[in-house]
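Read the structure below first, then the notes.
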Amino acid sequence: MTTAWTPAEFEQQLRSLGRYYHIHHPFQQMMYEGKLNAAQLRGWVANRFYYQVTIPRKDAALLFNCPDRDVRRVWIQRILDHDGGPATDHVSDGGIEAWIRLGEACGVPREELLDQRHVLPGVRFAVDAYINFVHHADWREGVCSSLTELFAPTAHRQRLQSWPDHYPWIDNAGLQYFRNRLTEAHRDVDHGLALTLQHFTTVEQQQRALQILKFKLDVLWTMLDAMYLAYIQHMPPYFNIAEVENA
Ligand SMILES: O=C(O)c1cc(C(=O)O)c2c(n1)C(=O)C(=O)c1cc(C(=O)O)[nH]c1-2
């Protein structure tokens, strides 16, 4: 490639990376096909909680790095979406609380989500790689790394369609997180995509943007690899090491 893509071509290139999105991971495919048992589904919900609580901290890191007030005043909404607004305002409790309700509907007690006892090391490392990337990157690269959200509504829609059939023991009210994200993600992605198309205009910048989006796809895929090994293959870390009393 010797000349830069037009914004429309560049957007097409970014969208084409959706072929690597985590909806294609065997763990999520099993989820949509109703092939997970309750313990496996609970494992996913408890591990994904670490992603959920990290997202607003990641967005705070992006705000810290961003000198552009016009960008910050839009981006800050993402933090409110996940954390909820001030308790005195009559606003939403936020996505983290909605995810806790999802966990409870699936049978994971609130305190087990909050104390992160089920979070696998591989999931933690992958999510931490994301927040560390955004913390240290130029804010425009941070914006670009959020663009997996281009593909997220498909994931939420698939869950809303398939879970009530396959997992009828989960209270439908618990799926509110996915419903909320359908609108929130569209709004976020319009903003993130517009900024990316505006700021990544040279050949080198556009190639870099694709690398960043691929890195983020790697984060999401790697989280599920860790869950697949632990919950499908029954090989969580140290599974073959004998417990030694009082070691
Ligand atoms: O359930 C999913 O498949 C999924 C994926 C992603 C994503 O693609 O990063 C996000 C979300 N959900 C999500 O709910 C969410 O709030 C979110 C924020 C971000 C981000 O990178 O800032 N990604 C995602």
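Just follow the structure's listing: the first ligand is 1, and inside any ligand the first atom is 1.
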Below 4.0 angstrom from a heavy atom of Ala155, which ligand 1 atoms are there? Numbered from 1 as shown, please.
3 (O)
Identify the protein heavy atom lying closest to atom 3 (O) of ligand 1, giving its residue, its atom name and the separation to 0.1 Å.
His22 NE2, 2.8 Å
I need the contact type for Arg159 against ligand 1. Using non-hydrogen atoms and a strict under-4.0 Å cut-off, is it side chain, backbone, both or neither?
side chain
So His156 and Tyr177, would you call those rings parallel, tilted or perpendicular, with 30° and 60° as cut-offs?
perpendicular
Could you check whether any heavy atom of Lys216 sits closer than 4.0 Å to an atom of ligand 1, since that is the contact criterion I want to use?
yes
Please tell me if the side chains of Phe133 and Val219 come closer than 4.5 Å, counting only heavy atoms from C-beta onward.
no
Just checking Trp139 against His199, ring centres under 6.0 Å apart?
yes
Closest protein heavy atom (residue, atom, distance) for atom 20 (C) of ligand 1:
Tyr130 OH, 3.4 Å
Quick check: does any side chain N or O of Tyr167 sit under 3.5 Å from a backbone N or O of Met31, one acting as donor and the other as acceptor?
yes
Arg181 to ligand 1: N or O pair under 3.5 Å?
yes
Region of Thr148 that comes within reach of ligand 1 [heavy atoms, distance under 4.0 Å]
both
Do any heavy atoms of Tyr51 fall under 4.0 Å from ligand 1?
yes
Applying a heavy-atom cut-off of 4.0 Å, say which part of Leu220 lies close to ligand 1: side chain, backbone, both or neither.
side chain
Atom 17 (C) of ligand 1: the protein heavy-atom neighbour that sits closest, reported with distance to 0.1 Å:
Glu149 OE2, 3.8 Å
Could you tell me, atom by atom, which parts of ligand 1 come under 4.0 Å of a heavy atom of Ile55?
18 (C), 19 (C), 20 (C), 22 (O)
Non-hydrogen atoms of Tyr21 versus ligand 1: any pair closer than 4.0 Å?
yes
For the rings on Trp221 and His22, is their centre-to-centre separation under 6.0 Å?
no
Could you check whether Glu97 pairs with Arg110 (Lys NZ or Arg NE/NH1/NH2 to Asp/Glu carboxylate O, under 4.0 Å)?
yes
Under 4.5 Å between any side-chain heavy atoms of Asn172 and Pro164, yes or no?
yes
Can you figure out which of Arg48, Gln28, Lys58 has its heavy atom closest to atom 12 (N) of ligand 1?
Arg48
Phe10 vs Trp5 aromatic rings, parallel, tilted or perpendicular, using cut-offs 30° and 60°?
parallel
Reference residue Glu11; test side chain to side chain contact (heavy atoms under 4.5 Å, CB included); the match among Leu197, Thr196, Thr6
Leu197
If you have a sec, work out which protein heavy atom is nearest atom 13 (C) of ligand 1 and how many Å separate them, to one decimal?
Tyr177 OH, 3.4 Å
